[in-house]
Amino acid sequence: MKNTFYVTTPIYYVNAEPHIGHAYTTIVADALTKFKRQRGIDSFFLTGTDEHGINIERKAEERGIAVKQHVDEIVDKFKTAFARLDINYDRWIRTTDAAHEEAVQKLWTLLKEKGYIYKGHYEGWFCGNCNEFKEVEAGDENPTCPTHLKALERVAEASYFFKLSAFQERLLKYYEAHPEFVQPEARRNEVISFVKSGLKDLSVSRVSVKWGIAVPDDAEHTIYVWLDALSNYITALGWGNEHFDGFEKYWLNEVDGKPVSNALHLVGKDILRFHAVYWPAFLLAAEVPLPKTVFVHGMLLKGGQKMGKSTGNAIKLETLHEHFTNDMIRYFLLREVPFGQDGEVTYEAMIERVNADLANGLGNLASRTLTMVKNYFAGQPPRAFDAEADDAKGVRAALTQAKEKFDDEYAALNFSRALEAAWSGIANVDKFITDNQPWKLAKDEAARAKLEAVISTAYETLRQVVLLVAPVLPHTAKAIWQQMGLAGEPLQFNPREATWGEALEIAKVENVTPAFPKLNKEKIVSEIENSEDHQAMATDSQPNAPSDASPKATTGTTANPVAPTEAANKPSATATTPSSDDTKPATVASSEKIAIDDFIKVELRAATILEAERVPKADKLLRLQVDVGEATPRQILAGIAEYYAPEEVVGKKIVIVANLAPRKMRGFESNGMLLAASVGENGRPVLATFGEEVPNGTRLK
RNA sequence: UGCGGAAUAGCUCAGUGGCAGAGCAACGGUCUCAUAAGCCGUAUGGCGCGGGUUCAAGUCCCGCUUCCGCAACCA
């Protein structure tokens, strides 16, 4: 078995600016790579950008610039943001790289030759205003667009399909045989349950999207953005092209005579399905070994809510950089948030972590130890390990244990636990120093040997701890290392080979400066609040600020390559392109103007709810019988069950759209729809009603 | 509604049948090498609710509540 390591982040979709979510995944990948490399493991860290698709095309159009110029600009912003965080990736793949495009076409051809891609055609309902496909209840012959309330048009467009259905059983067997393939386990269960529910063939080409990779021999079509994007993990290593290299070395491995891969994909939970279902299916089809693990991390939360541009609560990297150093940001994200779970991120918690762990913990240990080296030993660290100090052996033993635990937990991606272990080493030696009172020993010439032993142990513990934390705190670790008079830098030394008390050439300790400042919580929090108020005001004054592709696309911690062509994939086309419901209602500018004739077509009437009951197996649906002044009551289904109890709405006077085409949902026919305001982030419905009594059936104009 | 998770100290979380824990925050004490840091001590819990199995249950079983995810659902 080869001892190599390959880690990837998702490639980031270039229709949004980098934020803390991108930083999170990428910091983890970086900290992992530094860890592996420090332990002598040949490692490769890939990140990059996903640059194709209709959303990108549109974004550039909005800005009135060439698409290539638009993507180049955003890519620069990502690179700058990551560089500021001390991230050292080995390769930055862009899906617009010629080598990648060439390789994706090769993959396509291979899949086609193996019989997994066939040409068919896609049929569905299309809304010209949304410019996307809509999912429609079977049997509905006259569907309307939910956003625009206009009739949908029937569209049939030629499309290539990938035989995803052929892989259902093989995937299930694979999950079964490789429990480590999807982690954590809850995510694995989710994937298995999804696959068990059935896989349909996947539409993998589009004719209406131009900004993409052309289908070989059929340039009318471009290749499905996800097929394009996922392939980056192998094309970046030279699969299917001559430009890049490393596929043999970093992707391929062999265990028990079977080809497997070392690859570790870090992904956010919002793009799990693409990585855990589609991607392995593509690879199985191409007969390329599957990645070892798709590890799903959680979302960063603020105030219990997902952070995102659409919720307006995202923590800005800019703000972080103003108040925290890179190492602080890196440490906090890895220490505070258990990897794999959602994690709350607050400035208060960050400041508390920095003060308690970094300033009072690591920073102060370095400071007190080095000051004593300077004062008592003229700056030359003693190396006396004859255990004359009380419990020096205990300190050493505890550190050895901490080191082992650190490595075990870190390798299992439990960064939080690993760091906890390292800090137990710090607490230990702090106590040791206090117990032995070296400042008293220093005043007693007869206690010189013991003083040497105490300071030797303190200094040695510090050295080992600094080695451990270097992958997480590269900058500070190096700074302390240099203050300690040690040669080279900590990331060059394998902590497993750093033996206790080994002979070292150590320069004089001269300048001792605090590694971390103590942060003033009240001051920083109030500064941030003030500046965020300003930012919020600035944002509010631009009601038409472009929104992201879809709510789902923007709430993730990874700006995921949400595929515009996902529309063609299920073929459900739930909001994957910009649509009006992504805009804040309070600030929405009216879109297209309509003529009075258009409005007259909509028949709004007053009605009274006579009966209401929940629809089985539906969370949101109430089945209502309403009196519209007609001979018999009408049945209407309304998606308000989450906010209105059935008994609560009975007797209410409401407004309905009376001439809407009938539509079946969950087995019941709905003859119209009721009007309700859609309030706040979650679109909480508030029924429209009247200020005075109105007869049922009255027309509204 | 179905499937899968979760619920433990003020906060973040450990704890797979054997005396309920850690870190942070709080409070009291103490040291002076150190960044008003360190160290010592204190307090803090109906382990979501109700049943059951067991000599013994955060822990296993059944039912329920609330929250989260996925699916369905919003005409």
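Every chain is numbered from 1 and lettered A, B, ... according to where its sequence line falls, protein lines coming before strand lines. Hydrogens, waters and symmetry mates play no part in the numbers below; they use all other heavy atoms, side chains included.
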Between [N] atom [atom2] and [X] atom [atom1], what is the distance in whole Å?
X         : N       : atom1 : atom2 : result
Asn355(A) : rC11(B) : CG    : C1'   : 16 Å
Asp342(A) : rC13(B) : CG    : C1'   : 15 Å
Met372(A) : rA34(B) : CE    : P     : 8 Å
Ile271(A) : rC70(B) : CD1   : P     : 13 Å
Leu370(A) : rA37(B) : CG    : P     : 20 Å
Ile426(A) : rA22(B) : CD1   : C1'   : 16 Å
Tyr175(A) : rG4(B)  : OH    : P     : 18 Å
Leu519(A) : rA25(B) : CG    : P     : 13 Å

Syn within 90° of 0, anti beyond: rG58(B) is syn
Would you mind telling me which residue lines up with the more 5' stretch of RNA chain B, Arg368(A) or Arg417(A), judged by nearest nucleotide?
-> Arg417(A)
Assign each of Ile636(A) and Thr434(A) to its nearest nucleotide of RNA chain B by heavy atoms, then name whichever residue's nucleotide is nearer the 5' end.
->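 Its nearest nucleotide being more 5', the pick is Thr434(A).
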Can you check whether [X] reaches [Y] side chain to side chain, under 4.5 Å on heavy atoms?
X         : Y         : value
Val354(A) : Tyr331(A) : no
Ile271(A) : Pro10(A)  : yes
Lys269(A) : His297(A) : no
Leu365(A) : Ile433(A) : yes
Leu624(A) : Leu637(A) : no

Could you let me know what [N] is paired to, Watson-Crick or G-U wobble, both distances under 3.5 Å, or none if it's on its own?
N       : answer
rC19(B) : none
rU35(B) : none
rA26(B) : rU42(B)
rC60(B) : rG52(B)
rU66(B) : rA6(B)
rC74(B) : none

From the set [options], return the single nucleotide nearest to any side-chain atom of [X].
X         : options                   : answer
Gln437(A) : rU35(B), rC31(B), rA75(B) : rC31(B)
Asp430(A) : rA75(B), rC39(B), rC33(B) : rC39(B)
Asn364(A) : rG69(B), rG4(B), rA34(B)  : rA34(B)
Asn189(A) : rU35(B), rC3(B), rG5(B)   : rG5(B)
Trp439(A) : rC33(B), rU12(B), rU35(B) : rC33(B)
Ile433(A) : rC33(B), rU35(B), rA75(B) : rC33(B)
Lys269(A) : rU12(B), rU35(B), rG69(B) : rG69(B)
Arg187(A) : rC33(B), rG38(B), rG69(B) : rG69(B)
Ala356(A) : rC24(B), rC31(B), rG69(B) : rC24(B)
Arg273(A) : rA75(B), rC70(B), rG5(B)  : rC70(B)

Using the [atom1] atom as the reference point in each nucleotide, state the distance between [N] and [M] in Å, no decimals.
N       : M       : atom1 : result
rG58(B) : rG45(B) : C1'   : 12 Å
rG63(B) : rC68(B) : P     : 23 Å
rU65(B) : rG23(B) : C1'   : 31 Å
rC70(B) : rA75(B) : C1'   : 25 Å
rC60(B) : rU16(B) : P     : 9 Å
rC13(B) : rA25(B) : C1'   : 14 Å
rA26(B) : rC62(B) : C1'   : 41 Å
rC19(B) : rC55(B) : C1'   : 16 Å

When you check the phosphate oxygens OP1 and OP2 of rC24(B), does a side-chain N or O of Arg335(A) lie under 4.0 Å from one of them?
-> no
Between rC3(B) and Lys196(A), is there an OP1 or OP2 to side-chain N/O distance shorter than 4.0 Å?
->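 No, outside the criterion.
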Closest non-hydrogen atom pair, Ala359(A) against Lys518(A) |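 What the structure gives for the nearest pair is CB-CD, 4.0 Å.
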Residues Arg335(A) and Ser416(A): closest non-hydrogen pair is O-OG, 2.9 Å
Base, sugar-phosphate or nothing for [X]? Non-hydrogen atoms, less than 4.0 Å.
X         : value
Ala427(A) : sugar-phosphate
Pro184(A) : nothing
Ile192(A) : nothing
Lys431(A) : sugar-phosphate
Ala366(A) : nothing
Tyr376(A) : sugar-phosphate
Ser197(A) : nothing
Gly361(A) : nothing

Show your working on salt bridge (Lys or Arg N to Asp or Glu O under 4.0 Å) between Glu460(A) and Arg383(A) and close with a plain yes or no.
-> CA-CA 8 Å; Glu460(A) 182 64 1; Arg383(A) 303 289 286 166; 2.7 Å; yes
Considering only NZ, NE, NH1 and NH2 on the basic side and carboxylate oxygens on the acidic side, decide whether Arg188(A) and Glu190(A) come within less than 4.0 Å.
->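 Judged by the 4.0 Å cut-off on N to carboxylate O distance, Arg188(A) and Glu190(A) do not form a salt bridge.
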